[in-house]
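Read the numbers this way: they start at 1 and go in the same order the structure lists the ligands and their atoms.
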Amino acid sequence: MTDVDSSLGVRRVAADLRRDGRAAVDWAADYLERVTDLPVLAQVAPGEIRSRLPAAPPDDPEPFSAVLRDLDEVLLPGVTHWQHPRFFAYFATSASEPGILAELLAATLNSVGFLWRTAPASTELEAVVLDWTAQLLGLPAGWHGHIEDTASTGTMAAMIAARETTGRNVVVCSEHTHSAVEKGARMLGMSLRKVAADEVFRLRVDELGDLGDVAVVVATVGTTASASVDPVPEIADACAASGTWLHVDAAYAGSAMVCPEFRWAFEGVSRADSLVVNPHKWLLTPMDCSLLWTSRPADLRAAFSLVPEFLRTPDAEDALSLSEYGPALGRRFRALKLWAVLRCYGRSGLQEHIRRGVALASRFEEWVSAEPGWEICAPRHFSLVCFRGPGDDERNLRLLEAVNASGEAFLSHAALSGRYVLRLAVGQMSTTEEDIRLTWDVLRRVSQSFES
Ligand SMILES: Cc1ncc(COP(=O)(O)O)c(C=O)c1O
């Protein structure tokens, strides 16, 4: 018979959560201890994991222990381990302990923050953590900030606000801007103008041209390929002169601004109309958590606010509904994990994390520069090293594939000045000098093996 006694239901959920939760937390802690011994890049072929899974869902309930068992036996071989200390591809990230646990708690509360009244704590905590993070990064006081899932969404939201505010339909960015901007422009039906970069991969201001018909210029602090920094002050001048919205994408490098010694890279950012920074990249927060600030909240709200009858409330105007500032209606309690991270690390802990990453990258850069036949391919500003081994593009591609296939480390690549370069991005909190050394040894060993 159907159990309609809800209090019994709650007791059962709580009892199950205690039992299964202990097992799940144990699983998580064991995983973090043993991940170092697993191959970083999943060693499976496309379709392999799917073929090991049942084609149909179970008819009857299974215990949670069966899920944990299959996580180990079926899924784990198909996991590329972003929590591995030798994950150096793309922009390496870390889900820290407070962030992991806060995800559990956010799922437990299951707040859906589309109106202030549906989630007052989530809404107001979000304002507080955005304000705290703005202070940590040295941003101007008083900006409006909220959390989006990704920088792709936050940047697209900025593009929408820019189009709405200026009545123009052109996006300008550099050839090194993240592809999210091109994708956003395509989805929005905006036309895109790409500007050439200089010899160190920064947008060339002298190539910006007339911005009279331009809705938004996207400048990047920490480009994806090389972490180059566009000249934001000069771009801000050009935008101001033509009434163009300036959006700054600091998805990766923005986190480094917790350290005053990297703040040079944020020069001019206080003049931006909007800014995106991803704590889920380099600030110890689990995916997903992307921060979008704007100095023009009224314009952002005008672009997104649409309140149908069923969402109208008698709440006061200062009962802010964050769904009026972006594309999504339902919003997760993402602020909880960032709050947990900011509290459990504090400014000093976050600074230490960033400085360690930069120091390790600098160590690797020294070894590469000192090795005959190897070269550094871009100035290193943060924790990303762009380099090449001996030989042509083809040989460097083979080198990358062989190192990744070894499972010892995982790196990625980029194209700089038409050449294939390898990228080593430090961002995992568990990475040690020993991991960097081991990776360097593997790279040299594999490269030498091509000669024999
Ligand atoms: C500079 C930059 N902007 C935007 C993005 C896209 O980030 P997301 O995955 O949060 O959309 C990336 C991803 O690496 C990036 O490096």
Side-chain angles (χ1 to χ4, degrees), residues 80 82 87-95 99 133 137 145-160 171-188 192 194-195 197 201-203 216-230 232 235 246-257 262 265-266 269 272 274-293 326-328 332 334 337-338 357 361 378 380-386 410-416 421 423-428:
T80 290
W82 286 73
F87 186 108
F88 299 118
Y90 313 109
F91 283 121
T93 69
S94 282
T133 312
L137 305 187
H146 73 271
I147 307 181
E148 291 289 350
D149 53 0
T150 59
S152 305
T153 305
T155 294
M156 194 159 70
M159 288 160 64
I160 291 168
V171 184
V172 166
C173 66
S174 106
E175 55 179 308
H176 283 286
T177 305
H178 191 274
S179 55
V181 172
E182 183 166 351
K183 188 171 173 178
R186 198 204 297 169
M187 287 191 285
L188 297 172
L192 182 72
K194 277 196 193 173
V195 175
F201 318 114
R202 298 173 302 194
L203 181 146
V216 55
V217 176
V218 179
T220 308
V221 174
T223 57
T224 312
S226 70
S228 59
V229 176
D230 286 338
V232 178
I235 298 171
L246 170 60
H247 176 68
V248 175
D249 176 358
Y252 155 68
S255 298
M257 304 308 138
F262 299 118
F266 255 21
V269 168
S274 53
L275 164 72
V276 79
V277 175
N278 279 3
H280 74 226
K281 279 191 167 40
W282 202 9
L283 214 59
L284 301 169
T285 309
M287 181 75 189
D288 52 358
C289 186
S290 179
L291 311 185
L292 174 65
W293 282 278
R332 303 207 302 123
R334 294 192 184 91
K337 58 186 169 184
L338 184 54
R380 184 194 52 75
H381 303 302
F382 308 105
S383 67
L384 171 66
V385 184
C386 293
F410 182 31
L411 288 78
S412 60
H413 75 282
L416 289 179
V421 305
R423 295 169 71 265
L424 179 133
V426 184
Q428 235 313 313

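Side chains of S228 and R202: no donor on one and acceptor on the other come within 3.5 Å. Side chains of T220 and H176: no donor on one and acceptor on the other come within 3.5 Å.
Residues F91 and N278 are not in side-chain contact: their nearest non-hydrogen atoms beyond the backbone lie 4.5 Å or more apart.
Pairing each heavy atom of M257 with each of L137, the nearest pair is CB-O, 3.6 Å.
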Can you pull every nitrogen or oxygen pair between ligand 1 and the protein closer than 3.5 angstrom?
residue	atom	partner	partner atom	Å
ligand 1	3 (N)	D249	OD1	3.2
ligand 1	3 (N)	D249	OD2	2.5
ligand 1	7 (O)	K281	NZ	3.3
ligand 1	10 (O)	A151	N	2.8
ligand 1	10 (O)	N278	ND2	2.9
ligand 1	10 (O)	H280	NE2	3.4
ligand 1	11 (O)	A151	N	3.4
ligand 1	11 (O)	S152	N	2.9
ligand 1	11 (O)	S152	OG	2.5
ligand 1	14 (O)	K281	NZ	3.4
ligand 1	16 (O)	T224	OG1	2.9

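Around atom CD of E182, no more than 12 heavy atoms belonging to other residues, nucleotides or ligands sit under 6.0 Å away.
Ion pairing of D149 with R332 is absent here, as no side-chain N (NZ or NE/NH1/NH2) approaches a carboxylate O to less than 4.0 Å.
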